[in-house]
Amino acid sequence: MLKNYDIPDLKRIRIEAPFWKERIQVAAEKVIPFQWEAINGRVESEAGRSFAVRNLKIAGGLCNEKYEEPLFQDSDIGKWVEAASYSLLYHPNGEIESHIDEVVDLLERVQLPDGYLNSYFIAAHPEKRYKNFAWGHELYCCGHLLEGALAYYQVTGKDKMLRIMERYLEHLMKKLGHGEGQIPAYSGHPEIEIALMRLYHATKEKKYLTFCKYLINERGREPVYFESESGFDKEGDIKWMGLDYMVADKPFLNQENATGHAVRAMYLYAGAAELAAETQDEMLEQTLYRLWESTIRRRVYVTAGVGAHAYGERFSIDYDLPNDSCYTETCASIGLVFWAQRMQGLKLDTEYGDWLERAVYNGALSGIAVDGEHYFYVNPLEVRPDVVHYRYDMKHVKTQRVPWYGCCCCPPNLMRMITSIGKIIYGKDDSGLFIHQYIGNQCDIDWKQGQCSITMESGFPWNGNVKITLGMQERQHFTLYLRIPSWTENSWLVKINGKSETCRDKLTGGYICLEREWSDQDEIEIYFDMSPRIIYANQAVAEDSGCVAVQRGPLIYCVEEIDNGKMLQSILIKDSAVFKESWKTDMNGYIELVTEDGMKEKGEGVQLYSYGKPEICQTQVKLLPYFLWGNRGEGEMRVWIRYSV
C-alpha cells in the first residue's frame with residue numbers, strides 16, 4: 001500500500017513558479033491583512049459581515065455586545081490562523097504574527113476549565129451545548145481551530161494554541177463514545193477527521209487515530225444519533241436536509257453514492273481516505289473507491305465543481321448538472337483537492353492528480369478575483385446577469401465577486417490552500433519520490449536514502465515544459481514517479497541529462513517510473529503538449545447535450561460577453577476548431593484562445609417564435625481561462641458552447 005501522501009516538510013519547499021509565487025505574495029502582503037480586518041467586522045459587504053473576533057472577545061468577557069451568528073465563525077478564525085501561519089514561510093510579518101498571538105490569547109481566555117472551547121456555546125447559548133451535534137458545528141469548529149494550531153506550531157514552533165486544542169480534544173474524547181456517561185455522537189459537519197489525522201501524524205499519538213476512526217465508523221449506525229436530537233427535523237426541510245444531507249443515512253462503509261452537503265462529503269471522504277491509508281483498512285478503501293466513482297463519473301462538473309443543488313448546497317442525482325443554477329461552492333472544490341490528494345495514498349493513479357489539478361486551477365481559483373479582495377462563494381458555469389438578478393431560484397448566484405460574506409468560509413479557505421500549495425506537489429515513501437503536480441519550486445528531502453535537493457522549473461499552467469534538477473552529495477538509488485496528465489494524451493517526451501528516454505513501457509497508473517541510481521546534478525526534462533482540446537459531456541447530462549467545453553493543459557476555458565457580445569448561447573464552434581493562442585497582459589497575464597471557426601445565430605429582435613430559420617454568420621470566438629471570468633465587469637459567461645460538426 002502506497003503512503004505517498006507523506007509529503008516533505010512544508011518549510012523545506014520554496015515555491016518559485018511565477019503563477020503561484022505572485023499569488024502567495026498577494027495573499028501574504030494584501031489578502032491576509034485584509035481578511036484580518038474582515039473577521040474583525042471592519043469590512044462591509046452586501047453579502048454580510050463577519051464578527052468572528054468580536055465573538056471571541058464576548059465569550060472571553062472582554063466585550064458586552066450581542067453575539068452575532070452564524071454560530072460557526074470560530075472555524076473562520078481557525079482557517080485564517082492556518083493561512084496566516086503558512087504565509088509567514090514566504091513573507092515574515094511581525095504584525096500578522098502578533099495578530100495570531102492575539103487570537104491565541106483570546107482562545108486561552110475563552111477556554112473553560114474542563115477544556116471546552118466554542119464561543120457560541122459559551123457566550124450565546126450555553127444551555128444548548130452538546131444538544132445539537134447535527135447542526136451545532138462544535139466539532140467542525142474544533143477541527144479548523146486544530147488545523148490552524150498545527151500550522152502555527154509547524155511554522156513558528158509556538159505551541160500555545162496547539163496545547164489549547166489538545167486540552168479541548170481530551171475533553172471531547174472523554175465526552176464522546178459508548179462508555180458510561182458518554183454521548184454516542186459525531187459531527188454533523190465533518191472536518192475534525194482531517195484535523196485528527198494531521199495531529200496524529202504530527203504527534204504519533206494513537207489516541208487521535210482511534211478517535212478519528214470512531215467518528216467515521218459511528219456515523220450512520222443504527223440507531224442514528226441525530227434522530228434522537230430534538231432539533232434535528234426542525235432545523236431544515238427533512239427531505240433535503242435529512243440524514244443523507246449529513247452523510248449519515250447509513251453506516252459509512254455502506255455508502256454507495258456521493259450524497260448530501262457537498263462540503264461535508266468532501267471533508268469526510270478526505271479524512272476517511274487518510275485513515276484508510278494509515279490503517280490499511282480494505283473495506284474503508286473499497287468504500288472510498290466506490291464514492292470516487294460516483295463523484296467523478298456521474299456527479300462532478302467539468303470545472304471540478306461539486307454540489308449541483310443550491311438548496312442544501314448538495315449533490316443531486318446522477319448526471320443532474322445544471323450550469324446556471326448550480327451551487328458548486330468554492331469550499332467544495334477545495335474539499336475535492338483534499339480528498340484527491342489523500343486518495344493518492346491509497347493507489348497510484350493519475351486520475352487523482354488530474355482532478356486535484358482541475359479543482360485547484362478551476363473550481364477553487366475561480367472563487368477569488370485577481371485583486372485578491374473579492375470572492376465567489378458560488379461558481380456557476382453559465383451566467384446571464386439579467387436572469388440572475390430577477391429569478392428567485394438563482395438568488396444564490398452572484399454576477400460579480402463581493403468583498404466578504406456573513407458566512408465567510410470560502411475566503412480564508414482559499415488562502416490556506418494557496419499559501420500551502422507546496423503540499424500538493426510531492427509524495428514520498430521508501431521506494432522513491434512521487435511528483436504529482438508540476439509547480440516550480442526548490443525542495444529539500446530527508447529520507448532513508450539520505451538527503452536530496454530538488455529544483456523544479458515549470459511553466460504550468462501556461463506551458464508544459466518542466467525541468468527537474470537533483471542535488472545530492474552521494475549517488476542514491478530510488479524511483480522517480482512522474483505523473484502524466486490525461487489532458488496531454490500521448491503527446492509527451494522525457495529526457496534525462498539531454499538524452500531522450502523510452503518510457504512508454506515504464507508506466508504504472510499513469511506515472512512514469514524511473515528507477516535508477518541518481519547522481520548530483522542529474523536533469524530530467526519533461527515536455528507536455530498543451531494544445532487545446534475539445535471535451536464532450538456524457539449525453540445523460542441534458543444541459544450539455546450538443547455542446548463542448550474547451551481545455552488547454554489543466555485549464556478549462558469559457559466565453560465572456562466582453563469578448564463575444566451578448567447571447568452567448570447563440571455561439572457555435574466546430575468540434576474540429578483550430579485555436580490560436582496569444583498572451584494577454586491584463587489580469588496578471590493569461591493565454592487567450594481565439595478561433596475563426598465560429599458561428600453566431602442572429603435572432604435578437606425577431607418574433608418569439610418563427611417559421612423562419614435563424615440567420616447564421618461567421619464569427620471569431622475568444623475564450624479565456626474559467627478561473628479569470630468576472631474580472632472585467634459584469635456580463636454573460638458560458639463554459640459549454642454549442643458545436644457543429
Side-chain angles (χ1 to χ4, degrees), residues 69-72 75 128 131-141 143-144 184-194 215-272 287-288 290-292 294-295 298-301 305-322 325-336 338-339 377-378 393 395-396 407 409-410 413:
E69 297 193 32
L71 55 77
F72 44 76
S75 66
K128 294 182 180 180
K131 296 293 194 301
N132 195 346
F133 281 92
W135 299 99
H137 289 72
E138 285 164 285
L139 302 185
Y140 171 77
C141 290
H144 277 305
Y186 40 90
S187 181
H189 195 313
E191 206 288 331
I192 192 174
E193 299 83 358
I194 297 174
L215 291 172
I216 290 173
N217 288 342
E218 187 64 25
R219 190 172 210 88
R221 282 187 177 175
E222 294 285 353
V224 179
Y225 182 78
F226 294 149
E227 292 187 312
S228 69
E229 295 183 325
S230 60
F232 175 67
D233 61 355
K234 297 175 183 176
E235 293 280 353
D237 187 331
I238 201 67
K239 177 177 174 59
W240 309 111
M241 298 185 185
L243 291 177
D244 71 326
Y245 171 86
M246 305 284 178
V247 198
D249 55 319
K250 61 185 72 171
F252 189 72
L253 293 179
N254 295 340
Q255 292 287 331
E256 297 288 339
N257 290 300
T259 188
H261 184 267
V263 180
R264 282 170 165 83
M266 294 298 102
Y267 285 177
L268 178 61
Y269 300 167
T287 299
L288 288 158
R290 192 163 62 241
L291 293 169
W292 180 267
S294 171
T295 304
R298 303 184 294 277
R299 298 187 176 186
V300 67
Y301 284 86
V306 284
H309 201 311
Y311 188 64
E313 306 172 356
R314 58 174 296 153
F315 285 98
S316 184
I317 61 173
D318 288 351
Y319 306 114
D320 181 28
L321 296 167
S325 63
C326 57
Y327 205 75
T328 49
E329 183 180 339
T330 302
C331 281
S333 286
I334 295 172
L336 179 55
F338 298 158
W339 182 26
Y377 194 102
V378 173
D393 62 338
K395 64 179 182 178
H396 58 288
C407 174
C409 54
C410 298
N413 216 3

(request) Kindly give the heavy-atom pair with the smallest separation between Cys331 and Asn413, and that separation in Å. (result) SG-ND2, 3.1 Å

(request) Report the distance from atom OG1 of Thr287 to atom CH2 of Trp292, rounding to the nearest 0.5 Å. (result) 15.5 Å

(message) If I compare all heavy atoms of Thr295 with all of Ala258, which pair ends up nearest, and what's the gap?
(response) OG1-CB, 3.2 Å

(request) Determine yes or no for a side-chain-to-main-chain donor-acceptor pair under 3.5 angstrom, with Ser294 supplying the side chain and Asn257 the backbone. (result) no

(message) Angle between ring planes, Tyr225 versus Phe133, binned at 30° and 60°: parallel, tilted or perpendicular?
(response) perpendicular

(request) Find out whether Arg299 and Asp318 are in side-chain contact, i.e. whether some heavy atom of one side chain is under 4.5 Å from a heavy atom of the other. (result) yes

(message) So which atom in Ser316 and which in Ala308 form the shortest heavy-atom distance, rounded to 0.1 Å?
(response) CB-CB, 4.2 Å

(request) Can you measure from CD (Gln255) to CG (Leu291) and round to the nearest 0.5 angstrom? (result) 6.5 Å

(request) Would you give the length of the straight line joining atom CG of Leu268 to atom NE2 of His261, rounded to the nearest 0.5 angstrom? (result) 13.0 Å

(request) Of all the heavy-atom pairs spanning Tyr301 and Cys326, show the shortest one and how long it is. (result) OH-CB, 3.1 Å

(request) Mind listing the closest non-hydrogen atom pair of Ala134 and Met246 along with its distance? (result) O-CE, 3.3 Å

(request) Could I get the full list of side-chain contact (heavy atoms from CB on, under 4.5 Å) partners for Ala310, not counting sequence neighbours? (result) Tyr327, His396

(request) Side-chain contact test, heavy atoms from C-beta onward, threshold under 4.5 Å: evaluate it for Pro184 versus Arg221 and give yes or no. (result) no

(request) Sequence neighbours left out, what passes side-chain contact (heavy atoms from CB on, under 4.5 Å) with Ala265? Give chain and number order. (result) Val247, Tyr269, Phe315

(message) For the backbone of His144 and the side chain of Glu191, can you confirm whether one donor and one acceptor N or O come within less than 3.5 Å of each other?
(response) yes

(message) Given 3.5 Å as the limit, does a donor-acceptor pair link the side chain of Tyr186 with the main chain of Asn217, or not?
(response) no

(request) Please name the pair of heavy atoms, one in Gly136 and one in Leu71, separated by the smallest distance, quoted to 0.1 Å. (result) O-CD1, 3.1 Å

(request) Kindly write out the residues that satisfy ring-ring contact (aromatic ring centres under 6.0 Å, His included) with Phe72, not counting sequence neighbours, or none if the list is empty. (result) His137

(message) Going by the rule side-chain contact (heavy atoms from CB on, under 4.5 Å), which residues pair with Ala272 if we only count those two or more places apart in sequence or in a different chain?
(response) Ile216, Phe252, Leu284, Leu288

(message) Less than 4.5 Å apart, side chain to side chain, heavy atoms only: is that true for Glu329 and Cys409?
(response) yes

(message) Just so I know, are the side chains of Asp244 and Arg314 near enough to count as touching, which here means a heavy-atom distance under 4.5 Å?
(response) yes

(message) Restricting to ring-ring contact (aromatic ring centres under 6.0 Å, His included), what partner residues turn up for Phe338, sequence neighbours left out?
(response) none

(message) Please list all pairs meeting salt bridge (charged side-chain N to carboxylate O under 4.0 Å, His left out) that have one or both residues in residues 248-266, counting only residues at least two apart or in different chains.
(response) Glu256-Arg290

(message) I'd like to know if the side chain of Ser333 and the backbone of Thr330 have a donor-acceptor N/O pair within less than 3.5 Å.
(response) no

